[in-house]
Amino acid sequence: MALSGRPLEPGALDEPLITAVARRAAEMPSAPALTFVDYAADPAGERQELTWGQMHRRARAIAARLREVAEPGERVALLMPQSLEYLTTMIGAMYARLIAVPLFSPDLPGHGDRLIRSYGDADPSVVVTVTSALPQVERFLDEQSAPRPKDIVLADTVNVSLAASWPGEEIAPDDVAYLQYTSGSTRAPAGVQITHRNITANALQVWAAYEARPRVTVGVSWLPLFHDMGLILALALPLVHGNHLVLTDPVAFVMEPFRWLELLSEHDDVITAGPNFAYEYCASRVTEEEKARLRLDGLWVALNGAEPIRPDTVRMFADAFASAGLRPAAQSPGYGLAEATVYVSSKTRGEPRFTAFDRVALAGGEARPGGDTVLVSCGTPTGQHVAIVDPESRIELPDGRVGEIWVNGPNVSPGYWRNPGRTAEVFGAVLEDPAGGLPAEGWLRTGDLGVVHDGELYVTGRIKDLIIVDGRNHYPQDVEVSTQEAHEGIRRDHVAAFALAGEDGERVVVVAERARRGEGVPVEDIARAVRSAVSAAHELRLDDFVLVEPGGVPRTSSGKIARSACRERYLAGTLPVIR
């Protein structure tokens, strides 16, 4: 049986969400809309704030400036660091009916290949950056084989007086608002076309799921604005009902995770989000002295998504900050993907739910309660349908059977940018013999495996990542957990397990980063412990175990293990192997 959230109000999607900025500016021009906390300028956090009136004027000025050099439908690439200018540029590009391409400054470490591929695919006419990043942007553009853009606009130098010259134009709900480039965990980055209707739908779905209070609940985020979850949180929370968003930079969080929690403690009613690693990072890095300075009883929702959710992490975070007033029910494990704008489902009522399934049965496609594989519920959807489908027969599977997760709703993108073949494959799925009033067409094939148990969604892995040996399915994340627990010399959550085609079937390879405790330990000792643990837990023989330097296991922009990229580097012999 599919999971179907209550539908959105009829007509709610006819007005693009972006038009709400002008309405908020008229209703409450002096109320705070956006606050950016800059820890690079001041370790204590320098506050920069925009009211609704100021944000609207800046966005109108950006729209006027962009339309001097670009026509509706052309692409505008944002090659700039996280800032207030980033969000006003996004809004301004949408005002101007241009297609925004939210990317990042070329000096962001670790994402060079992704930027090159995404930029080249989008083929932008205009680049927007800020003065401080201009030298890096110029260098990046000089290195590209594609023609240079028609212009480079410096968002921080655009004269606000230009706002008066912008007449405003009608925005159609089904116009493409921006291209969201995927993180590329199993393939090269692809530009997902996000329409204004998609944004509006997903924003309303998030609000309906979390029941935040209009103009009262505050959003706090450090998530990168070029990532789907970070962007929708930054747009949806303020625009739907005029709420205040407090933003900082991902680097600020990584340097001092306490900063995120400190910002949350400033508010009596607050919503935030982050990937699984962020919660584990906080639980392990924040000191007892710092915890004593926190007040987390006002944290209403802490969405955990964007990568596999570990039960141990949810419990660890709850235990670590219970003394600071954190409610167990505040943690909200969720599921989403760029192709559905971002949000699909989440656990929004009560405490997180953990269910132990039989590992062997799960590998065979059946979710049988009782066993040693504990999964975290991702709850139920809002305003859309989620079905578990046999990808071969395209028939919906009953509860308790593992299949591909399919999604249908107004938040689902119309397809990939300039890729009709891939669009037809992913977005054109047809459900055979739909029951219960489900639509037959318009289904998104997520590529993720999941199961519905007791009316809630559990994600089990990705189809392309499945390791199949002797007819048995093995989930790579299970093998990775067994690996990291086999020896203290292995860095947690920095392990990739994958299969390679061999003459006698699939060969299993594990690549793991060395932890500090592994320095000086013979590689053979670590490898022996890993092989033994994997064999005992999964009855799998590893054909190869590779220990690499920290940072050697590639990750996506959202923090997921990029197994496909790791496989490619293994085959190319470019991994930083420790001998």
- Test salt bridge (charged side-chain N to carboxylate O under 4.0 Å, His left out) applied to R148 and D142, step by step: CA-CA 8 Å; R148 286 179 65 91; D142 288 342; 2.7 Å; yes
- Task: Carefully, step by step, assess D493 and R310 under the rule salt bridge (charged side-chain N to carboxylate O under 4.0 Å, His left out).
- Result: CA-CA 10 Å; D493 296 324; R310 305 234 186 254; 3.0 Å; yes
- Query: Would I405 and Y335 satisfy side chain to side chain contact (heavy atoms under 4.5 Å, CB included), going step by step from the backbone distance to the final call?
  - Reply: CA-CA 11 Å; I405 301 171; Y335 168 72; 4.0 Å; yes
- Candidate pair E339 and R445, rule salt bridge (charged side-chain N to carboxylate O under 4.0 Å, His left out), full reasoning: CA-CA 9 Å; E339 286 80 353; R445 298 187 59 168; over 6 Å; no
- Query: Under 3.5 Å, is there a donor-acceptor pair between the side chain of W443 and the main chain of P439?
  - Reply: yes
- List the steps, then state whether side chain to side chain donor-acceptor pair (under 3.5 Å) holds for W52 with Q54. CA-CA 5 Å; W52 284 99; Q54 291 170 331; over 6 Å; no
- Message: More than 12 heavy atoms of other residues, nucleotides or ligands under 6.0 Å from CH2 of W300: yes or no?
- Response: no
- CD-CG distance between Q136 and D107, expressed to the nearest 0.5 angstrom: 4.5 Å
- Test of ring centre spacing under 6.0 Å for Y119 and F140: yes
- Message: So, taking the atom named CG in N304 and the one named CG in N276, what distance separates them when rounded to the nearest 0.5 Å?
- Response: 5.0 Å
- Result of checking T382, N411, T341, T200 against Q205 for side chain to side chain donor-acceptor pair (under 3.5 Å): N411
- Query: Are the ring centres of Y343 and W207 closer than 6.0 Å?
  - Reply: no
- Message: I'd like to know if the side chain of Q82 and the backbone of T248 have a donor-acceptor N/O pair within less than 3.5 Å.
- Response: yes
- For the atom pair CG (L34) and CD (Q48), what is the distance rounded to the nearest 0.5 Å? 11.5 Å
- Message: Taking the six-membered ring of Y39 as reference, does the cationic atom of R259 (NZ for Lys, CZ for Arg) lie under 6.0 Å from its centre and within 45° of its axis?
- Response: yes
- Message: Any side-chain to backbone donor/acceptor pair from R75 onto G73? Under 3.5 Å, distance only.
- Response: yes
- Item | Worked check of ring pair (Phe, Tyr, Trp, His ring centres under 6.0 Å) between F104 and H227 | CA-CA 10 Å; F104 43 88; H227 185 258; over 10 Å; no
- Query: Going from CD on E143 to CZ on R139, what distance comes out if it is rounded to the nearest 0.5 angstrom?
  - Reply: 7.5 Å
- Query: Rounded to the nearest 0.5 Å, how far does OH of Y178 lie from CG of L98?
  - Reply: 16.0 Å
- Message: Between R215 and E27, does any side-chain N to carboxylate O distance fall below 4.0 Å?
- Response: yes
- Message: For the aromatic rings, using the six-membered ring if either is Trp, is the centroid distance between F427 and Y416 under 6.0 Å?
- Response: yes
- Task: Assess whether side chain to side chain contact (heavy atoms under 4.5 Å, CB included) is satisfied between S345 and T380, documenting all intermediate values.
- Result: CA-CA 5 Å; S345 70; T380 56; 5.6 Å; no
- Message: Under the criterion salt bridge (charged side-chain N to carboxylate O under 4.0 Å, His left out), I'd like the reasoning laid out for E169 against R67: C-alpha separation, chi angles, the key distance, then a yes or no.
- Response: CA-CA 12 Å; E169 296 182 2; R67 282 293 290 275; 2.9 Å; yes
- So CZ of R97 and CG of L66: to nearest 0.5 Å the spacing works out to 13.5 Å
- Message: Tell me if the centroids of the rings in Y281 and F253 come within less than 6.0 Å of each other.
- Response: yes
- Item | SB check D269 R213 (cutoff 4.0 Å) | yes
- Task: Run the salt-bridge test on D123 and R418 with the 4.0 Å N-O cut-off and return the result as yes or no.
- Result: yes
- Item | Full working for side chain to side chain donor-acceptor pair (under 3.5 Å) between D156 and T131 | CA-CA 7 Å; D156 55 335; T131 303; 3.0 Å; yes
